[in-house]
Every structure is written in C-alpha cells, then in structure tokens.
Amino acid sequence: MKIGYPCINRTLDCTCSGTFRLDSYSDARLIHKIEQNLACLQRILEFNVERGILFFRISSDLIPFASHDVNQLDWKEYFADGLVGIGNFVKQGDIRISMHPDQFIVLNSKREDVYRRSVRELEYHGDVLDSMGLDGTAKVQLHVGGVYGEKERSKDRFVERYLKLEPGIRERLVIENDDRSYTVRDCLDIHGRTGVPVLFDYFHHTLNHGGEELRDILEEVTGTWKKKDGVPMWDYSSQMPGERKGRHGEHLGIHDFREFLKKTKGFDFDLMLEIKDKEKSALAALDLLSRES
DNA sequence: AGTTGTCAAGCTAGT
DNA sequence: ACTAGCTTGACAACT
C-alpha cells in the first residue's frame, strides 16, 4: 500500500500549482510560472521519496490556462526535457501519480460548451502524464458529473461521451463516487457499460451509499481495476469535527483511520489522504502502519 | 507588511 | 435568492 497526499506540500516554501490572473497573461509569464511549478514538483517528489511517501496527486494548475484559448504556447515541446526528467524520477522512485480535474470539468453536462471544454481539459491532463512518459497506472480521476434531476439519463450521457474520448485519455480516466450525487453503485453500473475503473472514496461512501455491505462493494470495486491499471486507488478523508457534513478535516483522525484499516484489512490499494495538513497526515499514516505491522 | 477583493470554468444542497 | 463547498487558496492591488 502506498500513501499519498494531494497537490500541496505545506513544509516546503514552494508550490507546484502557482498561477496568475487571466488579465495579466503573457507567454513570458506563463513560461516563468511553469518553470517554477516544475522545479517545485521535483522538490516535493524528492521530499516525499526521502520519507517513504510514494503516492502524489499533481495539481491541475501545473500548466496554467493549459486548455484556454489564450494559451497558444506549445508547452509540451518547450518543457519536454523537464517533463521527461520528472517522469524519470517518478519511475526510478516507484512513485504512483494521479491527477484530479477540478469541478468545472463535467463530461456529462447538458451544456455543449461545458462538454467541449471538459474534453479539452481531460486531454490536457492526459498530455501531462504522457509527456512525463508515465504508463497507464498514472490515473486521471473524475466525478460522474451533474444529475439534472434525471440521474439515469445523465449516466447514459456520461457513458456515450466516455466512449467517444480519445483512447489515450480513456485509458487513464477513472471515476469516483461523490458525496451527494453518484454512489459507488452508480459508478459500478457505469463501469459495466464502459470498463472504466472505479476509484473508491471512503469518506464520500460513508456520506452517500445504498446501504450495501462495505466489503462486498469493495470486492466489486477491486474487480474494476485490471493489471494495466495498477493497484486500485482509494481516497480517504476525515470529517471536520463539529462542521457541516462533508467538510474535510484539518488532521488525520488516528482513531477513525485505525478503524478504517481494520474494516478494509486484506484489500490491496494505494491511498490518497485528502486532509488539510497534507504531508503531515501522510507521515502520521505511514508511522501508524509501520508500528502496527 | 499586512489586508482584502477577486479569480476561467459547474453543480448541488443548505440557508 | 444567495452561498459554501468541492481535490488544493492564492494572486494582486490596495492600505
């Protein structure tokens, strides 16, 4: 099992998701920002490897305005060496990588313009991982999207559009259950019609599920990942105590985490900790695992 | 140096 | 009707 955290390292004094305002766009500014982001990504990965953190989610802002019309720079070509360099470091260090397009990417949107932009943005995510030379185990995780008051039709629209994606991105895409709309069961249904692997989000599942037995549904989820997809990825987060339901916690709750490990014993997965304090929780989780095994 | 309004983009549910 | 929340606040103009 690999443990990871998303996008940001709070210990280091750099970010790999730096961006700027559209109003102040220039190619020079873009190039400068990408240089900073790539340099920081390298530092974060080194920090992680030194401490045994072998799973990391790369921010969608690595290349600012990547799929926006304003950006006409051939960044894949311009930064080819830097991207390959990071990819080599990832492979050497046996690091697992994921990306998670943000909430504006809605493949099943009823709006054609949103659908079109979403495809472009998905292709961008695939391009980053391709440019690093990573294999199909590096995944792009996405929620199913909007419901629009008619879930079955909205699922159908997801399936149709998924099947029309370029093979390159289709091989990286995985779908994730969310906290209010699409359950793991919905995702498994879509898997049955497309073959897309299902990324299990434990926290979302506790908030939004159909009452099925956890271990039964985990067996099904595990079966959606083929050898070429790698070990199943799962997301885990803690509830912010006292805050509204679904709000993410500041720290890893050790008691709850131990319970989670007990309930899921025997399953093989790589775990992304979606917790505000990032690498600190990842280190706490690794520490717990090493002491209990 | 610190504060604050705003940022490319969608959708849902709670108030 | 408005807004918080989402995988991650942070940029940039102001005082």
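Residue numbers begin at 1 in each chain, while the letters A, B, ... track the order of the sequences.
- Protein atom CG of A/Asn208 is 19 Å distant from nucleotide atom P of C/dG5, rounded to whole Å.
- Taking atom NE2 on A/His100 and atom C1' on C/dT7, their separation rounds to 5 Å, with Å as the unit.
- The distance from atom NZ of A/Lys151 to atom C1' of B/dA13 is 14 Å, rounded to the nearest whole Å.
- Note: OH (A/Tyr182) to P (B/dC11) measures 11 Å, nearest angstrom.
- Relative to the ring axis of A/Phe47, A/Arg51 places its NZ or CZ within 45° and under 6.0 Å from the centre.
- A/Ser98 comes within contact range of no nucleotide atom at all, as no heavy-atom separation falls under 4.0 Å.
- As a whole-Å value, the separation of A/Ile97 CD1 from C/dT7 P is 19 Å.
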### Query
What's the verdict on side chain to side chain donor-acceptor pair (under 3.5 Å) for A/Gln36 and A/His32, showing C-alpha distance, side-chain angles and the deciding distance?
CA-CA 6 Å; A/Gln36 289 180 327; A/His32 181 61; 3.3 Å; yes

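- Spacing between atom CG of A/Asn177 and atom P of B/dT12 amounts to 17 Å, rounded to whole angstrom units.
- Checked against the 6.0 Å centroid threshold, A/Phe55 and A/Tyr5 do not count as a close aromatic pair.
- Atom CG in A/Asp186 sits roughly 14 Å away from atom P in B/dT12 (whole-Å rounding).
- Taking atom P in both C/dA12 and C/dT8, the straight-line distance is 22 Å, to the nearest Å.
- In terms of phosphate contacts, A/His143 brings no side-chain nitrogen or oxygen within less than 4.0 Å of OP1 or OP2 of B/dC11.
- Under the 3.5 Å distance criterion, the side-chain polar atoms of A/Ser281 are matched with a main-chain donor or acceptor of A/Leu252.
- Positionally, the nearest nucleotide of DNA chain C for A/Lys278 lies more toward the 5' end than for the other of A/Lys278 and A/Lys33.
- Of all nucleotides listed (C/dA12, C/dG9, C/dT7), C/dT7 comes nearest to the side chain of A/Cys7.
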### Message
Wobble G-U and Watson-Crick pairs count when both distances are under 3.5 Å; given that, what is the 5' to 3' dot-bracket string of DNA chain C, with | for pairing to other strands?
### Response
||||||..|||||||

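- When the P atom of C/dA10 is taken as reference, atom CG of A/Asp13 falls 13 Å away, rounded to whole Å.
- Taking the ring centre of A/Tyr182 as origin, the terminal cationic atom of A/Lys151 falls inside the region bounded by 6.0 Å and 45° from the ring axis.
- Within the structure, every pair that satisfies the disulfide (SG to SG under 2.5 Å) test and touches residues 36-77 of chain A, not counting sequence neighbours, is listed here: A/Cys14-A/Cys40.
- B/dG5 and C/dA4 have their P atoms separated by 13 Å, given to the nearest Å.
- If you look at A/Phe200 and A/His205, their ring centroids are closer than 6.0 Å.
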Distances under 3.5 Å between nitrogen or oxygen atoms of protein and nucleotides 6-10 of chain B:
{"residue": "B/dT6", "atom": "O2", "partner": "A/Arg21", "partner atom": "NH2", "Å": "2.9"}
{"residue": "B/dA8", "atom": "OP1", "partner": "A/Leu22", "partner atom": "N", "Å": "2.4"}
{"residue": "B/dG10", "atom": "OP1", "partner": "A/Arg111", "partner atom": "NH1", "Å": "2.9"}
{"residue": "B/dG10", "atom": "OP1", "partner": "A/Arg111", "partner atom": "NH2", "Å": "3.1"}

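- Separation of the A/Phe260 and A/Tyr236 ring centroids falls under the 6.0 Å cut-off.
- Note on A/Arg29: only backbone sugar-phosphate atoms sit closer than 4.0 angstrom, heavy atoms only; bases stay farther off.
- Under the 6.0 Å distance and 45° angle rule, A/Arg161 counts as a cation-pi partner of A/Tyr115.
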